[in-house]
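See below for the structure under consideration.
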Number of protein chains: 2
Amino acid sequence: MITIKDIAKLAGVSYSTVSKALNGDPRIKPATRQKVLAVAEKHQYRKNIMAQQLSTGRSNIIGFVLDELSNPLFSNISGNLHAELKKRGYQMILVVADDGVDIFSQLRVDGCILWDYALEDREAFWKKFATLNMPCFVLGTDEAPNSPYIKIDRKEGIYKAVQHLQSLGHSRIGFIGNSQNIKLEGYREALQRTGLGLEPHYVLPAHSSWEDGYFAIRNYTFGPESPTAFIGLNNLVTRGALRALLEAGYNVPKDISLIGYDDLPDMQYAEVALTTIGPPLEELAAQAAELIVSLIRGEQTEYPVVIQPQLNHRSSTAVSRK
Amino acid sequence: MITIKDIAKLAGVSYSTVSKALNGDPRIKPATRQKVLAVAEKHQYRKNIMAQQLSTGRSNIIGFVLDELSNPLFSNISGNLHAELKKRGYQMILVVADDGVDIFSQLRVDGCILWDYALEDREAFWKKFATLNMPCFVLGTDEAPNSPYIKIDRKEGIYKAVQHLQSLGHSRIGFIGNSQNIKLEGYREALQRTGLGLEPHYVLPAHSSWEDGYFAIRNYTFGPESPTAFIGLNNLVTRGALRALLEAGYNVPKDISLIGYDDLPDMQYAEVALTTIGPPLEELAAQAAELIVSLIRGEQTEYPVVIQPQLNHRSSTAVSRK
DNA sequence: CTGAAAGCGCTTACAG
DNA sequence: CTGAAAGCGCTTACAG
């Protein structure tokens with residue numbers, strides 16, 4: 001690999017001059033800089049970021065950590081975040097899963113953003129997180145022990161969904177998915193706030209995948225007291241549930257209304273374009289980029305930053321039959 | 001951040017001893033090592049990989065570059081690759097898009113794998129690639145100028161798909177998607193090899209997204225001479241096409257058979273479980289991990305490594321009506 | 001306007 | 001068995 005010293009020799013200057021020229025130090029005479037730049041260009045010199053970061057502590061790289069890529073939500077957020085960071089002069093590298101905290105405690109990037117992934121052991125996570133001696137925050141968590149974070153107000157989101165269904169005349173509203181406590185709590189609170197009743201069988205068990213949603217409906221026994229509308233835990237669960245409903249012969253939305261959580265492009269391409277509730281994803285990414293950059297700059301930041309989910313009305317919700 | 005020197009001071013030894021102890025150098029007395037390890041553990045010492053790589057040239061990190069995350073194919077490959085690399089003692093970091101070559105010419109990871117993404121300018125890519133002074137290769141390309149690569153034999157894959165359809169009695173076989181020359185060529189060659197006819201209108205234009213596939217069918221005028229079977233360019237295009245076919249009132253596979261390219265989990269959850277052709281994704285990842293590790297070790301490697309796509313028979317293909 | 005020198009946090013021959 | 005020293009490729013006060 002060609003280094004700054006090679007360039008120095010070739011350009012006939014000292015290597016500290018090369019460094020300055022390369023970094024646009026105004027003290028270097030334009031002619032000298034031109035020469036250095038020309039030589040560097042000609043030999044395809046590339047700065048060694050590792051060395052730069054060792055020397056200055058800056059790499060202009062931000063790490064993003066998530067636990068899985070299989071949900072389109074994450075690809076979407078990654079893509080948006082990447083674009084937003086680029087605008088601000090940073091490159092983004094992505095790391096999957098629990099390595100995340102580990103790798104970035106060793107690979108000293110300028111800052112890192114962690115998606116609030118499902119954890120068996122939150123305690124352990126926050127402990128590790130605390131040792132991450134760099135600007136960082138958790139994206140999408142509901143709270144964080146004395147550190148900045150971005151909160152998605154999922155409860156309020158679910159409430160909006162319930163409200164929407166109520167306004168359409170639904171009084172028996174079910175929820176598909178029991179793997180995220182916050183959403184479940186949001187659902188329960190929303191029913192209370194709207195004065196709607198909650199029966200135990202309104203909550204169908206489902207974890208997070210398409211199949212989970214599909215089988216949640218398949219395994220559910222419909223009766224006269226069953227919900228006339230459902231809210232799905234996430235995009236995948238919702239689409240699985242939709243498929244099962246259609247296969248069972250229900251018309252969505254005439255027989256049953258359905259709202260999905262997280263507004264991803266594929267929600268509108270479902271068999272029935274899905275009404276969704278979810279955080280505006282571009283805004284989420286922009287806020288995340290903004291926050292991490294502020295933290296890196298050492299600016300005072302107010303936290304949590306709260307993102308409000310929005311209702312996107314499409315074709316899977318309609319006036320209740322009865 | 002706590003460094004090796006801090007540990008040295010706390011443990012009462014020199015910092016070179018700390019380094020050796022941490023790296024399991026057998027020359028260090030067990031008692032000394034224990035002490036050092038204990039202090040390091042207590043203070044949550046984390047090695048600075050940047051410094052290590054500068055000194056030794058090794059980071060145990062491998063970069064993976066792709067151009068988009070929006071196709072589930074890439075999440076799948078990333079996930080598998082991550083797992084395979086982990087088995088071999090490496091961490092993986094992911095980078096999106098054209099930055100890829102750039103970032104890794106500056107961030108000196110031990111090696112990098114580049115997905116063969118769609119490029120306007122292949123020339124420029126290979127030129128940049130050549131300056132990437134580290135073990136690296138392109139995954140899924142059809143050829144590479146004097147460098148190792150992994151080829152997916154897409155033409156042979158398409159041939160298998162055509163053969164399968166022919167064996168079901170289809171003689172008019174269409175192709176949805178015109179954005180990947182190799183697949184299109186594979187399609188044409190397959191029709192020749194099987195002695196089937198090709199009409200210009202058998203190829204429906206579509207780029208790569210769900211919508212592309214959907215509108216390809218929507219905009220197509222069916223007639224008595226239309227194909228009785230289609231092969232879709234990729235998973236998204238195929239699913240979009242399937243939706244459009246169903247909406248148009250066709251029964252898949254009774255009226256029209258459909259084969260999709262790339263065997264991803266969601267293909268079987270389509271409205272009709274899709275017969276697919278595609279590379280075995282776990283094998284692909286395993287081979288990729290194996291190759292990059294060999295290259296890093298400087299072992300002699302045979303290339304290209306060729307992956308053969310496989311046909312996965314499900315419910316979207318059936319005997320032709322006529 | 002340019003250069004010599006110290007330093008970032010490690011590793012590793014080389015002495016002892 | 002341990003330590004002092006040089007070096008990896010940069011940057012940056014400090015001299016000149």
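Residue numbers start from 1 in every chain, and the chains themselves are labelled A, B, ... in the order their sequence lines are given, proteins ahead of strands. Treat the numbers as computed from the prediction; the structure is a model and nothing was measured.
- Following rounding to the nearest Å, A:Q106 (CD) and C:dG9 (C1') show an atom-to-atom distance of 14 Å.
- Whole-Å rounding puts the A:D6 CG to D:dC8 P distance at 11 Å.
- Residues passing the ring pair (Phe, Tyr, Trp, His ring centres under 6.0 Å) test with A:F74 are A:W115, sequence neighbours excluded.
- Residues satisfying the side-chain hydrogen bond (donor to acceptor under 3.5 Å, both in side chains) test with B:N60, not counting sequence neighbours, are none.
- At whole-Å resolution of the value, CG in B:L54 and P in D:dG9 are 7 Å apart.
- The distance between atom CD1 of A:I61 and atom P of D:dC10, rounded to the nearest whole Å, is 14 Å.
- Between the CG atom of A:N133 and the P atom of C:dG9 there is a distance of 12 Å, given to the nearest Å.
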Notebook entry, point to check: Reading nucleotides 11-16 of chain D 5' to 3', which nucleotides get B (base under 4.0 Å from a protein heavy atom), which S (sugar-phosphate only), which -?
Noted result: BBB---

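- At the phosphate of C:dG9, neither OP1 nor OP2 sits under 4.0 Å from any side-chain N or O atom of B:T3.
- Annotation: salt bridge (charged side-chain N to carboxylate O under 4.0 Å, His left out) contacts of A:K151 (sequence neighbours excluded): A:D142.
- Without hydrogens or angle criteria, B:H82 side chain to B:S78 main chain gives no donor-acceptor distance under 3.5 Å.
- Nucleotide C:dG9 holds its P atom 9 Å from the CD atom of A:Q53, rounded to whole Å.
- Summary of the strand contacts: A:N48 and B:K29 both lie near DNA chain D, and taking for each the nucleotide with the nearest heavy atom, the more 5' one is attributed to B:K29.
- Among residues two or more places apart in sequence or in another chain, the side-chain hydrogen bond (donor to acceptor under 3.5 Å, both in side chains) test is passed with A:S14 by A:S16, A:T17.
- Evaluation of the salt bridge (charged side-chain N to carboxylate O under 4.0 Å, His left out) test over residues 39-56 of chain A, restricted to residues two or more places apart or in two chains, returns A:R46-B:D102.
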Item checked: Dot-bracket encoding of pairs in DNA chain D, which uses [ ] for pseudoknotted crossings and | for another strand, Watson-Crick or G-U under 3.5 angstrom -> |||.||||||||.|||

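- Taking atom CE of residue A:M134 and atom C1' of nucleotide C:dG9, one finds them 15 Å apart after rounding to whole Å.
- Residue pairs meeting the salt bridge (charged side-chain N to carboxylate O under 4.0 Å, His left out) criterion with at least one member in residues 16-32 of chain B, sequence neighbours excluded: B:D25-B:R27.
- Between the side chain of A:S294 and the main chain of A:E290, a donor-acceptor pair closer than 3.5 Å is present.
- At whole-Å resolution of the value, CD1 in A:I49 and P in C:dC8 are 21 Å apart.
- By the salt bridge (charged side-chain N to carboxylate O under 4.0 Å, His left out) test, B:E299 pairs with B:R297, sequence neighbours left out.
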